[in-house]
**Q** 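I have a structure here, written as structure tokens, and I will follow up with some questions on it.
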Number of protein chains: 6
Amino acid sequence: VSRGLFIGRFQPFHNGHLYAIKKILGREDEIVIVIGSAQESFSLKNPLSAGERIEIIRAVLRELNALGRSIIVPIPDIHENLVWPARVIEYTPKFDRVYSGNELVLVLFEQFGIETVRLEHINRNEYQGKVIRTKIIKGEDWAYLVPKVVYNYLEEIGFEERIRRLVKHYSEVNL
Amino acid sequence: VSRGLFIGRFQPFHNGHLYAIKKILGREDEIVIVIGSAQESFSLKNPLSAGERIEIIRAVLRELNALGRSIIVPIPDIHENLVWPARVIEYTPKFDRVYSGNELVLVLFEQFGIETVRLEHINRNEYQGKVIRTKIIKGEDWAYLVPKVVYNYLEEIGFEERIRRLVKHYSEVNL
Amino acid sequence: VSRGLFIGRFQPFHNGHLYAIKKILGREDEIVIVIGSAQESFSLKNPLSAGERIEIIRAVLRELNALGRSIIVPIPDIHENLVWPARVIEYTPKFDRVYSGNELVLVLFEQFGIETVRLEHINRNEYQGKVIRTKIIKGEDWAYLVPKVVYNYLEEIGFEERIRRLVKHYSEVNL
Amino acid sequence: VSRGLFIGRFQPFHNGHLYAIKKILGREDEIVIVIGSAQESFSLKNPLSAGERIEIIRAVLRELNALGRSIIVPIPDIHENLVWPARVIEYTPKFDRVYSGNELVLVLFEQFGIETVRLEHINRNEYQGKVIRTKIIKGEDWAYLVPKVVYNYLEEIGFEERIRRLVKHYSEVNL
Amino acid sequence: VSRGLFIGRFQPFHNGHLYAIKKILGREDEIVIVIGSAQESFSLKNPLSAGERIEIIRAVLRELNALGRSIIVPIPDIHENLVWPARVIEYTPKFDRVYSGNELVLVLFEQFGIETVRLEHINRNEYQGKVIRTKIIKGEDWAYLVPKVVYNYLEEIGFEERIRRLVKHYSEVNL
Amino acid sequence: VSRGLFIGRFQPFHNGHLYAIKKILGREDEIVIVIGSAQESFSLKNPLSAGERIEIIRAVLRELNALGRSIIVPIPDIHENLVWPARVIEYTPKFDRVYSGNELVLVLFEQFGIETVRLEHINRNEYQGKVIRTKIIKGEDWAYLVPKVVYNYLEEIGFEERIRRLVKHYSEVNL
């Protein structure tokens with residue numbers, strides 16, 4: 001079996017992630033999806049916990065009928081760049097190459113002689129976690145930027161409310 | 001005995017903290033005062049060490065004649081939000097509810113089903129550690145923002161000078 | 001959906017694990033399988049990496065036709081017992097109860113008011129990672145203690161050889 | 001004011017601790033009581049959490065009428081011996097000397113040029129946390145080794161039961 | 001032998017570092033050169049790894065004919081200011097005083113009663129790692145700011161390209 | 001230039017280390033000497049600090065007239081085996097192969113496809129840090145097991161006394 005590795009923080013999962021995953025599933029037998037910064041949650045940059053992100057990605061994969069070909073692995077940060085690819089290798093089943101649109105990911109895996117494939121970004125201005133989080137803060141529509149199943153889950157757990165409270169925290173409180 | 005928990009960084013202790021502590025002491029038999037970011041010191045955001053903050057808070061409590069009803073607990077950061085309330089529980093004697101004006105503190109303890117009480121802020125524009133630190137940097141008066149006993153202690157340890165040297169560091173040096 | 005959580009180190013996966021997983025799958029809609037001590041590998045107590053353990057468990061679940069109902073989550077140790085259940089909660093999708101034959105796991109989750117179910121051990125004298133590792137060291141047969149698919153995988157990656165080299169290390173070298 | 005520092009793990013607090021604290025209170029104006037290995041709990045060596053240990057020590061100090069002269073500070077381990085005294089200094093109000101019967105504590109503080117006072121041990125064969133924990137495991141009487149107020153607290157939180165379950169865990173389970 | 005300690009991050013090594021090292025070598029028998037933030041690399045602020053920085057500093061010292069009088073020690077950050085000087089002491093051979101132009105370094109070592117010597121900065125506007133990294137990003141000449149041997153090494157490892165890719169990462173990618 | 005990497009804890013440096021270093025210097029242009037467990041000191045297993053070990057190794061290298069060809073690098077443990085070789089690579093200048101008599105070191109570097117050379121042990125029964133530390137505890141002669149210059153340094157810093165006090169600590173104290 002051939003395997004491609006894909007890394008994201010998925011805060012939240014959006015159509016750019018979906019596009020990348022579909023592409024990799026089209027080229028490889030299996031995909032390893034790494035949830036980066038797994039230890040983060042309830043911050044503006046990383047509002048969702050690893051557990052919530054796992055749940056969301058599984059829902060998407062189920063719709064794609066790709067659960068059996070996908071391996072989801074949450075990995076906490078190590079804050080030591082040159083060591084991080086080794087941790088990814090440690091936590092994941094053997095893979096053949098890394099797909100990424102993230103320059104740092106590409107640079108670091110290259111240091112270890114691992115094959116990398118540069119992913120182009122589609123609709124880069126909108127398909128970004130940061131854009132979605134900003135839209136929520138501004139009260140703008142963002143539903144069209146994520147798969148329907150993701151939107152439903154986020155609704156259910158009160159994602160917008162969480163973002164708003166986190167904004168309140170970071171902007172106002174400094175006791 | 002009923003116990004309320006109160007969390008601050010106390011950089012430095014100011015009249016807003018005093019107000020909150022008095023309020024909690026008025027409602028509960030005992031108060032647990034958590035010194036957050038205990039591992040931090042000698043930075044612009046966290047100039048005082050845990051040991052210095054303990055000393056200051058004790059001086060205030062002594063004046064309030066409340067030492068016997070107060071439990072001071074320094075707790076280092078864990079940088080993993082959803083786990084942090086568990087560390088607070090681990091380090092502190094049993095408490096009944098958390099008092100806080102900090103939105104993130106409220107959000108996180110709610111995740112664990114712990115009772116929270118939202119504290120209103122008084123004189124929010126001035127009763128903030130950041131405001132005090134900024135006034136020192138600008139050479140403005142700040143004595144009226146903290147209890148007299150706190151001011152005296154800070155004078156004694158050369159707090160203003162420390163702040164000024166830290167400013168010098170962060171603004172200038174980058175060898 | 002109802003979900004049961006099961007925690008093991010799977011060093012290696014054996015028939016006791018298989019028994020427990022089947023039992024939980026029989027009672028719950030879904031199972032969350034936590035790989036504990038995820039950061040450990042290449043030690044006598046924890047010879048397999050998280051990635052290898054994920055691969056093995058997936059192979060077993062595939063045979064059970066249970067991949068779609070199972071969620072595998074590797075979690076690194078936190079070395080702070082009272083905080084550990086919070087990390088498990090953080091890394092995992094919502095679950096209803098914890099199944100375990102491990103007394104400490106039961107004790108700790110009880111502290112957080114989470115429902116626990118005590119699993120009885122079957123064939124306790126043999127179905128243990130330690131027993132298997134010891135048999136390998138002694139050159140005894142151990143294949144009958146693990147599912148066939150696990151044995152094949154371990155053969156393929158040279159598990160016995162790895163154990164032997166680790167023994168050599170721990171017993172002999174102290175330069 | 002003169003201050004003496006005393007460090008223990010208090011697992012649990014026993015008459016040896018009581019003796020040392022009384023002695024220091026007899027010589028110094030104030031005592032700083034450091035709870036070492038604050039991050040540990042629910043292990044055989046460290047069954048009590050920092051919060052429980054704070055509660056116990058406060059109960060003892062209240063009986064001694066010494067709460068106003070005592071400062072309790074929980075400090076987590078740093079696992080880097082030569083750095084540890086600096087952390088103790090960081091977490092505690094200024095102190096004049098360290099009292100200890102622990103050779104490593106004495107050695108390490110000496111490296112920093114801090115005055116140390118060697119405490120003799122009294123009734124060394126019995127006044128040890130380990131002895132008490134062992135007696136509980138064996139079902140022997142241990143009440144006479146700790147202050148009454150400590151015993152009552154430990155009874156109330158089910159200390160014996162906790163020890164017994166932890167023993168069960170460490171002796172039996174290895175799933 | 002007298003020994004002076006000098007601390008830098010050397011991102012990259014520039015003529016300001018060279019000036020300081022020569023000065024210290026002129027006053028002391030030996031110099032201990034601490035590479036701070038040793039664990040950092042491949043970030044915009046800390047592009048070079050500890051290993052690369054060791055190699056560069058050795059090349060400079062060789063030219064100065066000072067290898068035999070110089071001790072290079074990489075030290076990872078501890079993120080706990082008051083404890084950091086103790087870690088420096090732990091990792092380094094005995095030294096007599098600390099030379100630094102960095103206000104925080106001076107403040108922290110003073111807390112431990114260690115002699116400090118304030119280094120004046122020369123050509124402060126240009127002799128800074130940040131200035132060099134910025135010039136590279138802007139495509140400006142920077143070769144004159146570092147010793148020739150350093151420039152050659154950086155050329156060889158593709159330093160400019162690394163900086164450019166890191167800029168790309170931090171400015172653009174946020175998948 | 002060709003470079004060989006050699007890793008030890010050097011607790012203390014003994015004739016076995018000397019033999020290995022001479023051998024590597026005979027085969028390679030330069031040697032990188034990694035001081036493992038750099039963060040450890042003042043424990044029975046790791047009595048000497050990184051700074052002391054650097055000083056000792058430099059003294060030996062000076063006698064060998066090999067300071068200019070040797071690079072000493074202290075590296076703290078990472079407690080995550082599969083990631084550790086990446087940290088070694090990060091902290092050290094480029095090297096061509098790893099020389100070791102330590103099975104785990106060989107196994108781990110092999111995972112990263114790095115060339116390893118197995119070092120035979122000479123006089124294995126005596127040339128071990130543990131043997132030397134044990135002899136000191138028993139009051140036996142150990143001077144013949146280490147280079148003269150090492151012995152002198154250890155005498156000067158009171159190594160035997162340190163070992164004896166650490167023994168006292170670990171055997172007796174358990175307050």
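Letters A, B, ... mirror the listed sequences (proteins, then strands); counts begin at 1. It should be emphasised that the depicted structure is a prediction, and the values quoted were computed from it without experimental measurement.
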**Q** Counting only non-hydrogen atoms closer than 4.5 Å, does F/Ile89 touch chain E with its backbone (N, CA, C, O), its side chain (CB onward), both, or neither?
**A**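 Contact with chain E involves no heavy atom of F/Ile89 at all.
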**Q** Under 4.5 Å from any heavy atom of chain E, what part of F/Thr92 do you find: side chain, backbone, both or neither?
**A** backbone
**Q** Does F/Arg162 qualify as a cation-pi partner of F/Phe42, given the criterion of NZ or CZ under 6.0 Å from the six-membered ring centre and within 45 degrees of its axis?
**A** yes
**Q** Can you give the donor-acceptor pairs under 3.5 Å from side chains of residues 138-148 of chain E to other protein atoms, not counting sequence neighbours?
**A**
{"unit_1": "E/Glu140", "atom_1": "OE1", "unit_2": "E/Lys135", "atom_2": "NZ", "d": "3.4"}
{"unit_1": "E/Asp141", "atom_1": "OD1", "unit_2": "E/Ala143", "atom_2": "N", "d": "3.3"}
{"unit_1": "E/Trp142", "atom_1": "NE1", "unit_2": "E/Glu160", "atom_2": "OE2", "d": "2.7"}
{"unit_1": "E/Tyr144", "atom_1": "OH", "unit_2": "E/Glu126", "atom_2": "OE2", "d": "2.7"}
{"unit_1": "E/Lys148", "atom_1": "NZ", "unit_2": "E/Asn152", "atom_2": "OD1", "d": "3.2"}

**Q** Please determine if E/Glu52 and F/Lys94 form a salt bridge, counting it only when a charged side-chain N lies under 4.0 Å from a carboxylate O.
**A**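 The answer is no: the pair does not qualify as a salt bridge.
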**Q** Quick one: which residues of residues 57-68 of chain E reach chain F at under 4.5 angstrom, heavy atoms only?
**A** E/Arg58, E/Arg62, E/Leu67, E/Gly68
**Q** Determine which pairs satisfy ring-ring contact (aromatic ring centres under 6.0 Å, His included) with at least one residue from residues 62-84 of chain F, sequence neighbours left out, and list them in order.
**A** F/Trp84-F/Phe109
**Q** So, F/Ser49 and E/Glu90: side-chain donor and acceptor under 3.5 Å apart, yes or no?
**A**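 Absent: no donor and acceptor within the cut-off.
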**Q** Which pair of non-hydrogen atoms, one from F/His14 and one from F/Gly16, has the smallest distance, and what is that distance?
**A**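 Shortest heavy-atom separation between F/His14 and F/Gly16 comes out as ND1-N, 2.9 Å.
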**Q** For E/Glu55, what residues pass the side chain to side chain contact (heavy atoms under 4.5 Å, CB included) criterion, not counting sequence neighbours?
**A** E/Tyr153, F/Arg3, F/Pro93
